[in-house]
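Structure first, then comments.
Values below: all heavy atoms of this structure, side chains included; hydrogens, waters and symmetry mates excluded.
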Amino acid sequence: MADDPINLERDVNETDSEFSDSRTPARPLSHRTSASASLLTKRMEADLHRETLRETYASVCKLFVWKAEPNFASPWQVRPQRQSSGSAFVISGKRLLTNAHVISNASQILIRAYGDSVRYIARVSSVGHDCDLALLEVDDDAFWKNVRELELSGNAHLEDSVTVVGYPTGGDNLSVTQGVISRVDILPYSHSGMRLLCVQIDAAINPGNSGGPALIDSKVVGVAFMGRSNADNIGYIISLTVIRRFLEDVRRNDGDYKGVVVLGFSYQRMENEALREYTKLDQVDEKLLPDGITPSGVLVSQSDPMRPDDDNLFEGDVVLGIDSFDVSNDGTVPFRDRERVNLLFAFGEKYIGDQVKMTILRNGKVEQLKLSVKIPRPLVPSYQYDVKPRYVIWGGLVFLPLSLDYLRHEYGRDYMEKANTSLLEPLTRRFRDFADQEVIVLSQTLASDITVGYEFKRTILETLNGVKIRNLRHLAVLLDECKDDYLIFGLLHGFSVILGREKAERDFEKLLKRHSISSARSSEI
């Protein structure tokens, strides 16, 4: 009798079940075939993922940088050359993106691609120190044979897994670190002090990692750039929004990056009820406001006096809205879904020549203004790179402009705790009273026969022979033109240094030689 195919299939299954664990039910052949195919698919996907990663790694390069940094405390000197390393990665247009702090003050940059043994000469084509980004180019065609460009795409959201690729210290080979995005916020960038959008991840960013890409699905969502010295496993990456703005600024200006722009005002929050009542903020009729703008905002405490009156905010104005961004009483604006960030975000995609539409409350009335954005020029310059310090020496007195670089080189990173209060006070005056205004510091008095009895240092110079000093060049002009028998340097708090002109000029070259100073002035003065 012919076998019943149904019974035969059943018999086969029963036979298989006899050799299986008695606790495990028999699996149909169709299920096994499906499981095997699924396993094969997963293996193929894993192999494809590894291949994609290998291609991605080919885009990440190691930088070898030699630096000779200036000394702002002794501006005629250059600090000893030192070597450092960093990371960079290939983007469109045969360019490499890295951090500005990696290549700042560089005298030479060499680059080596992943898996290569040859180091090629790289050069800086554009740099934005305010946003800590730089573009590099390599002229040797051999470098470009085995690299591929990475795509800038996507956005970083909370709890997204991110992979940071680079060359941190502790080894010479590529390093891969994974973390989770834990915060997106406006924070000060350590390289410039500028407050911009950045992304916090729960993975350490170590020296050497800087300039490497942060990836989600092999696409760039940021650039690694700083960590925290007082916390473990916390790192920060530059957001894609800032990166795109940098690249667009470079494109608009033929490679000559102009910089992040601001409106030029400082403010205080309006969370206090009495403050809102006094400014009549609570009495604003919402019907008079543009769509999306509410009766909330911040109070203008200072504005840039260098701006014309018809293109400026004034002390006492209440900023209600910036373009379509509604400003809250705590100084924040909406940012994606239910997140909020500092109102500086509203200027994040503006460029030189752009205007912003401001909704303000002035003297109790709602007004609409169109104001121009500009490059910030604070009274005391923030950190400066790729420039030589400016100085003037006369009669053993060393003068230079007050800057954060001077404070940092003179007092160290804790200058806010160690510096004279007279040198810190100008930091609170954010804006210049006139375009070329500078605060001039008598940084030190060189020991000599001319300066016996004077030991002034780290104090502010106010006048020369009764003339108020505008800036360092103005001081140099006054010194050159002075024919008086005595020069009276008026210092802060009524102190003075008085030197005889003829004796100071006669012994000046001898003084410079004794202190191994090659020039009495920086080259551009």
Side-chain angles (χ1 to χ4, degrees), residues 186 188 193-196 260-335 340-350 352-382 421 424-437 439:
I186 300 284
M194 187 69 87
R195 299 183 68 193
L196 300 169
V260 173
V261 294
V262 296
L263 196 55
F265 73 97
S266 57
Y267 65 87
Q268 71 177 79
R269 299 173 180 178
M270 300 194 68
E271 296 171 299
N272 182 270
E273 182 178 358
L275 181 60
R276 294 195 301 271
E277 291 175 353
Y278 179 78
T279 57
K280 300 181 180 179
L281 179 60
D282 291 339
Q283 301 176 25
V284 171
D285 185 354
E286 294 193 36
K287 296 179 181 179
L288 301 176
L289 299 175
D291 291 342
I293 306 300
T294 62
S296 63
V298 294
L299 182 67
V300 176
S301 55
Q302 284 182 302
S303 62
D304 189 350
M306 294 303 300
R307 299 176 65 100
D309 288 348
D310 60 354
D311 189 28
N312 205 356
L313 296 171
F314 298 105
E315 181 180 342
D317 288 346
V318 178
V319 176
L320 307 174
I322 303 172
D323 285 335
S324 61
F325 290 96
D326 181 41
V327 180
S328 292
N329 294 328
D330 64 352
T332 63
V333 296
F335 171 69
R340 302 190 67 85
V341 292
N342 185 276
L343 62 80
L344 289 173
F345 180 72
F347 305 101
E349 297 185 19
K350 298 294 183 180
I352 286 292
D354 288 351
Q355 288 188 321
V356 291
K357 181 181 178 180
M358 305 291 295
T359 303
I360 69 168
L361 183 66
R362 176 175 291 174
N363 299 323
K365 297 181 179 180
V366 175
E367 295 188 22
Q368 302 283 330
L369 305 176
K370 283 191 175 181
L371 304 181
S372 304
V373 293
K374 55 181 285 188
I375 301 293
R377 293 192 65 206
L379 175 61
V380 179
S382 57
T421 54
L424 296 178
E425 187 276 333
L427 299 181
T428 64
R429 292 183 278 140
R430 296 184 55 189
F431 305 108
R432 303 182 184 203
D433 294 327
F434 46 89
D436 57 356
Q437 183 182 11
V439 179

#### Entry: Nearest non-hydrogen partners of S328 and S296, listed with the distance
CA-OG, 3.6 Å

### Message
Quick check against the 3.5 Å criterion: does S266 have a side-chain atom that pairs as donor or acceptor with the backbone of S301?
### Response
no

### Sidechain N-carboxylate O distance under 4.0 Å for R269, D330
no

### Message
For a quick test of reading the model, state the closest non-hydrogen atom pair linking D309 to F314 and the distance between them.
### Response
O-CZ, 3.5 Å

### Message
Quick check: closest heavy atoms across L281 and G297, and the distance to 0.1 Å?
### Response
CD2-N, 4.2 Å

### Query
Is the backbone of P378 close enough, under 3.5 Å, to the side chain of R430 for a donor and an acceptor to pair up by distance?
no

### Query
Is the backbone of K357 close enough, under 3.5 Å, to the side chain of D323 for a donor and an acceptor to pair up by distance?
yes

### Message
If you count every heavy atom of other residues, nucleotides or ligands that lies below 6.0 Å from E277 atom CD, does the total exceed 12?
### Response
yes

### Query
Can you tell me if R377 uses its side chain to pair, donor with acceptor, with the backbone of R432 under 3.5 Å?
no

### CD/E349: more than 12 non-hydrogen atoms of other groups inside 6.0 Å
no

### Task
Mind listing the closest non-hydrogen atom pair of T279 and R276 along with its distance?
OG1-O, 3.2 Å

### Query
Side chain of S372, backbone of G353: donor and acceptor closer than 3.5 Å?
no

### Task
Under the side chain to side chain contact (heavy atoms under 4.5 Å, CB included) rule, what do V318 and L320 come out as? Steps first, then yes or no, please.
CA-CA 6 Å; V318 178; L320 307 174; 3.8 Å; yes

### Task
With P295 as reference, evaluate L289, D282, N329, V366 under the side-chain contact (heavy atoms from CB on, under 4.5 Å) test and give the passing residue.
L289

### Query
Less than 4.0 Å between a side-chain N and a carboxylate O, is that true for K374 and D311?
no

### Query
Is the number of heavy atoms from other residues, nucleotides or ligands under 6.0 Å of D285 CG greater than 12?
yes

### Task
Quick one: closest heavy-atom pair of P188 and G193, and the distance?
CB-O, 4.0 Å

### Message
Whether the side chain of D326 engages the backbone of P334 through a donor-acceptor N/O pair (distance < 3.5 Å, no angle test) should be reported.
### Response
no

## Note on the structure
Tightest non-hydrogen contact, residues I322 and A346, listed as CG2-CB, 3.7 Å

